[in-house]
2 protein chains.
Amino acid sequence: MGQFCLPLGISPEDAKRIDILVKERIRLEKGQALFNIGDPFSAVYSVRFGSLKTLFVLPDGRQQITGFHLPGDLVGLDSVVNQSHMSSVRALEDTEVCVIPAMELITLSRELPSLHIQFTRLLSQEISNDHRKLLMIGSLRAEERLATFLLDLSERLSIRGYSSTEFVLRMSREEIGSYLGMKLETVSRLFSRFARAGLIRIQQKQVKIIDMDGLRQVLNGGSERE
Amino acid sequence: MGQFCLPLGISPEDAKRIDILVKERIRLEKGQALFNIGDPFSAVYSVRFGSLKTLFVLPDGRQQITGFHLPGDLVGLDSVVNQSHMSSVRALEDTEVCVIPAMELITLSRELPSLHIQFTRLLSQEISNDHRKLLMIGSLRAEERLATFLLDLSERLSIRGYSSTEFVLRMSREEIGSYLGMKLETVSRLFSRFARAGLIRIQQKQVKIIDMDGLRQVLNGGSERE
DNA sequence: CGGATGGTTGAGCTGGATCAACAAACGTGG
DNA sequence: CCACGTTTGTTGATCCAGCTCAACCATCCG
């Protein structure tokens, strides 16, 4: 049942063991929620195909997207061993996830030291990633953040065997803006600017990276302090 | 040796077990590094007394502080099971930490299911905290971020048995600014504004919260969209 | 084909940054 | 203990990156 639900960052052997835990898959249509803030926590999920976003909503309606998830990513890690989910997760497109029951995963990882270590590493990596995101939105200018976003997405797609230079954005300008801490108009303008500068070609959600190094230099040359 | 190195969020019994792993304590003077980016990873650390900051430095000198750590906090969680540290940690004042060897901790937690679960919960909570920080710097205005910072610090101090309304800031305006994604001048101006509004009294690093609810309303009333 | 949703672009505004001057506290050495 | 430089904080004046408001266009879908 669970086959092909291989979380990235887990060795093939242990992935197979996890696979056995998977008794259920969930199909989500675009926009549908996998879970919402406050829902009881019972499992983590591995993206099988499609893509997801993690988001928080403030009482006044403002929202922050804290992550986009591609096939092989594990979601729900911020709620492990909690009573209820701390965030909401929604599908960016038609998506399927494997349900990995949390308690079974914890129990199994006690029997399999290597799984234990790998799961701990995944949690730790997630923390490290979040710190990089904090660095990004706390210290970089809008232009640098968007370049980072493209480079990061490119790399993650390439790891999964997709083209690193040509891909489709599964999320809207507004969602990109929310993730990067800027408004959708700013995202749109910067995409246009990157295109004018010959760094990318973009029409709609179809992106082609033309000058990867140029994109990297948006980061270095960012502040241009002599 | 290790006694009184009790990490918050670990049950007293398990804390005692961890305590046995502690063979070493490290004394840090103000400004001294516990470790730097790239240093080989070997342990996590529990703050015994004093306080620390976690930071990242960009090639061009810009830096981002991603966390302040009080007694009972565990630091180094973003590097667990990695080869090397992903961030730097420095002392904000004279500080002592307990060294908890990582491999021993992992091994012990295999034998003690309750410890395993608690350690996993701590990692997960750290992720959840980081998401809240992303929400804060990505979606809130400067004023709201600073109010959040004060309320958060107040709560953490109160959990540790200190006054929730009167405390000393261990960090400079510049460090607060780096943490919150704003400049030190803005921090200083906002402190003055809060003081003028009768929310706090502040001189130097000595803070007294006068109107806790008012401070909370800085958050709610933030955007004032009827 | 028409309405809705999503993206682009312009014009003008503003929150927070930058630049700058000064003031207060803190060593440090005599 | 005081004088003195250094570091840290405050406040003012000005600037600008990114936001807001608005008009328009493209695409998608029933």
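Residue numbers start from 1 in every chain, and the chains themselves are labelled A, B, ... in the order their sequence lines are given, proteins ahead of strands. None of these values were measured; they are calculated from a predicted model.
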Seminar exercise, completed: 5'-most contact on DNA chain D (nearest-nucleotide basis), Arg193(A) vs Gln204(A), goes to Arg193(A)
Exercise. So, Ser154(B) side chain and Ser164(B) main chain: donor-acceptor pair closer than 3.5 Å or not?
Worked result: yes
For this session: Output yes when at least one side-chain N/O atom of Thr186(A) is less than 4.0 Å from OP1 or OP2 of dC19(D), else no.
Result: yes
Exercise. Between atom NZ in Lys183(A) and atom P in dG6(C), what is the gap in whole Å?
Worked result: 16 Å
For this session: Find the distance Ile202(A):CD1 to dT9(C):P and express it as a whole number of Å.
Result: 11 Å
Seminar exercise, completed: Here the distance between atom P of dG7(C) and atom CZ of Arg170(A), to the nearest Å, is 13 Å
Exercise. Hey, is the side chain of Arg189(A) pairing donor to acceptor with the base of dG10(C) inside 3.5 Å?
Worked result: yes
Exercise. Expressed in angstrom and rounded to an integer, what is the separation of Gln203(A) atom CD from dA26(D) atom P?
Worked result: 13 Å
Exercise. Given atom CD of Glu185(B) and atom P of dG15(C), what is their separation to the nearest angstrom?
Worked result: 18 Å
Exercise. Given atom NZ of Lys205(B) and atom P of dT7(D), what is their separation to the nearest angstrom?
Worked result: 14 Å
Exercise. So does Ser192(A) get a side-chain nitrogen or oxygen closer than 4.0 Å to the phosphate oxygens (OP1/OP2) of dT9(C)?
Worked result: yes
Exercise. To the nearest angstrom, how far is Arg173(A) atom CZ from dG7(C) atom C1'?
Worked result: 6 Å
Problem set entry | Side-chain donor-acceptor pair present, Asn36(B), His85(B), cut-off under 3.5 Å | no
Exercise. Checking all strands, does Ser188(B) fall into the base, sugar-phosphate, or nothing category for heavy-atom contacts under 4.0 angstrom?
Worked result: base
For this session: Nearest whole angstrom, please: distance from the C1' of dG16(C) to the CD1 of Ile137(B).
Result: 15 Å
For this session: Sort out for me which residue in Lys205(A), Arg170(A), Lys30(A) forms a salt bridge (charged side-chain N to carboxylate O under 4.0 Å, His left out) with Glu93(A).
Result: Arg170(A)
For this session: Please answer whether the main-chain N or O of Leu180(B) pairs with a side-chain N or O of Arg145(B) as donor and acceptor at a distance below 3.5 Å.
Result: yes
